[in-house]
Amino acid sequence: IRDDLVTGVQTCALPISGVDSIDLNTFSATMTVDQADLVVASSGTYTVVDTAAEIEAEVTDSTAGSLDGATSVATTDGDDADAVADTLTLTVAEYGQIVDGDTTLTTSYRIVDSAANIQAAIADDGTSLGAIANAVSVESNDGTLTFKVAEVNALNGATPPVTITGGYDISDTAGAIEGAFTNTIQSILVNAGTVTVTSGQAALTIGQYQQLVESGGITGSQYTVTDSLAAVEASTLTAAQFNALHNFVVTLSADGNLTGSEGLIFTVDEFQLGAGVVATTDDSEYLAFISGGGSFTGTGTVQIVDADL
């Protein structure tokens with residue numbers, strides 16, 4: 001089909017039955033995938049608008065087929081359900097085949113790919129999301145996604161936010177875990193399936209540690225907790241949950257009575273006593289605490305009381 005008499009942008013339902021090839025002859029056309037497959041001359045330009053199913057069938061990890069020659073690609077409302085263009089489902093590589101520098105994707109898309117490919121597309125520090133930057137969602141098809149805090153923060157901060165379908169785990173340094181609380185983005189940790197500290201021990205308060213304990217999926221020995229005696233007494237954490245910590249430090253800035261608190265004192269690694277502070281305990285608790293490896297530090301004093309002395 002060739003017509004030198006028609007100029008301008010041509011948009012039409014072009015019948016292709018029996019047609020062997022299409023020469024655009026400087027025209028700018030809107031085509032389906034099947035029509036674009038017949039284009040043999042590069043003197044014109046075309047966009048592809050078709051159903052999500054047709055576009056997905058055309059592109060693979062290694063080629064975009066006729067989509068590669070298009071200036072843009074968009075979907076129609078293929079299911080005629082809501083008058084909204086359908087969402088494409090692509091792998092990271094398929095997205096790269098379509099959006100290769102001379103073709104834009106003007107429709108919504110989701111990324112469904114292996115966990116390794118998805119994780120590799122995102123910079124560790126979250127400064128680049130690659131093919132996922134404009135996706136509506138991302139999902140692994142071969143296992144749980146494992147991200148760093150910065151990566152999930154970048155996905156949440158995208159416009160619009162990228163939904164992580166199927167959940168995720170966090171694996172990051174102690175500093176990154178601590179930073180999530182400092183920057184008030186601890187929901188990234190709370191919503192994760194598991195949180196693994198890859199280096200060091202994350203130093204948290206009791207309240208922060210309790211949020212992670214309640215969300216599940218953590219290993220207590222990867223954390224240290226330092227907090228006041230009042231915070232400990234107000235906590236609903238069990239002795240076993242405190243005992244699981246790598247290190248548990250209780251600070252006293254005012255006089256405190258430890259007598260009768262065997263469940264607490266046996267989980268603490270160190271009591272830090274402020275200047276002039278007196279910590280009171282009985283002899284059996286004191287001896288058990290010290291013999292178990294516990295210590296009192298700081299400039300305060302320990303008062304040992306024994307009613308039977």
Side-chain angles (χ1 to χ4, degrees), residues 114-116 118-120 122-126 138-156 163-251 261-272 288-295 297:
S114 68
I118 292 171
Q119 290 156 194
I122 306 174
D124 286 351
D125 60 2
V138 61
E139 180 180 1
S140 167
N141 57 19
D142 68 349
T144 303
L145 290 164
T146 300
F147 290 127
K148 297 182 182 298
V149 172
E151 292 173 326
V152 178
N153 192 42
L155 292 172
N156 292 343
T163 300
I164 304 173
T165 304
Y168 62 91
D169 293 335
I170 289 292
S171 181
D172 215 334
T173 64
I177 302 302
E178 295 162 9
F181 286 98
T182 302
N183 298 318
T184 65
I185 55 173
Q186 65 268 24
S187 60
I188 291 173
L189 307 177
V190 172
N191 294 332
T194 63
V195 178
T196 301
V197 183
T198 57
S199 62
Q201 286 81 40
L204 305 177
T205 66
I206 286 176
Q208 292 167 346
Y209 176 61
Q210 183 163 341
Q211 288 184 61
L212 297 184
V213 169
E214 291 174 347
S215 65
I218 70 166
T219 301
S221 60
Q222 297 177 342
Y223 299 85
T224 66
V225 165
T226 301
D227 216 327
S228 67
L229 179 61
V232 176
E233 293 172 337
S235 172
T236 58
L237 291 173
T238 66
Q241 289 166 332
F242 281 129
N243 207 42
L245 289 164
H246 175 77
N247 201 45
F248 182 23
V249 179
V250 175
T251 61
S261 57
E262 291 93 342
L264 165 64
I265 200 169
F266 293 150
T267 66
V268 178
D269 296 293
E270 176 186 349
F271 284 98
Q272 293 180 349
F289 177 63
I290 296 300
S291 64
S295 63
T297 63

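All values derive from a computational prediction rather than experimental measurement.
Across Ala202 and Ala174, no two heavy atoms sit closer than the pair N-CB, 3.6 Å. Pairing each heavy atom of Thr198 with each of Ser171, the nearest pair is CG2-OG, 3.1 Å. Taking every heavy atom of both residues into account, Lys148 and Asp172 meet most closely at CB-OD2, 3.3 Å. Pairing each heavy atom of Gly143 with each of Ala115, the nearest pair is O-CB, 4.3 Å. Nearest heavy atoms, Asp227 versus Ile206: OD2-N, 3.0 Å. Between Ser228 and Val250, the shortest heavy-atom contact is C-CG1, 4.0 Å.
The shortest distance between side-chain heavy atoms of Ser235 and Phe242 falls below 4.5 Å. Annotation: side chain of Leu204 is in contact with side chain of Leu212 (closest heavy-atom distance under 4.5 Å). The side-chain heavy atoms of Ile177 and Ile170, taken from C-beta on, include a pair separated by under 4.5 Å. For the pair Asn141 and Ser114, the minimum side-chain heavy-atom distance is below 4.5 Å. Side-chain contact check for Asn156 versus Ile185: every heavy-atom pair is 4.5 Å or farther apart.
Ring geometry for Phe147 against Tyr168 counts as tilted: the plane angle lies between 30° and 60°, on a 0 to 90° scale.
To the nearest 0.5 Å, atom CD of residue Gln272 and atom CG of residue Leu229 are 13.0 Å apart. From Ile118, atom CD1 reaches atom CD of Glu151 across 11.5 Å, with rounding to the nearest 0.5 Å. A distance of 9.0 Å separates OG1 in Thr238 from CG in Asn243, rounded to the nearest 0.5 Å.
Side-chain N or O atoms of Gln119 include one that pairs as donor or acceptor with a backbone N or O of Thr146 at under 3.5 Å. The closest donor-acceptor contact from the side chain of Tyr223 to the backbone of Val197 lies at 3.5 Å or more, if one exists at all. Looking only at distances, no side-chain donor or acceptor of Asn153 sits under 3.5 Å from a matching main-chain atom of Val149. A donor-acceptor pair is defined here as one N or O able to donate and one able to accept, closer than 3.5 Å; such a pair exists between the side chain of Ser140 and the backbone of Asp142. Between the Asn191 side chain and the Ser187 main chain, a donor and an acceptor come within less than 3.5 Å of each other. In this structure, the side chain of Asp269 engages the main chain of Phe248 through a donor-acceptor pair within 3.5 Å. One N or O on the side chain of Glu178 and one on the backbone of Ala203 form a donor-acceptor pair closer than 3.5 Å.
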Quiz item: Please walk me through it: do Thr224 and Gln201 pass side chain to side chain donor-acceptor pair (under 3.5 Å)?
Solution: CA-CA 6 Å; Thr224 66; Gln201 286 81 40; over 6 Å; no

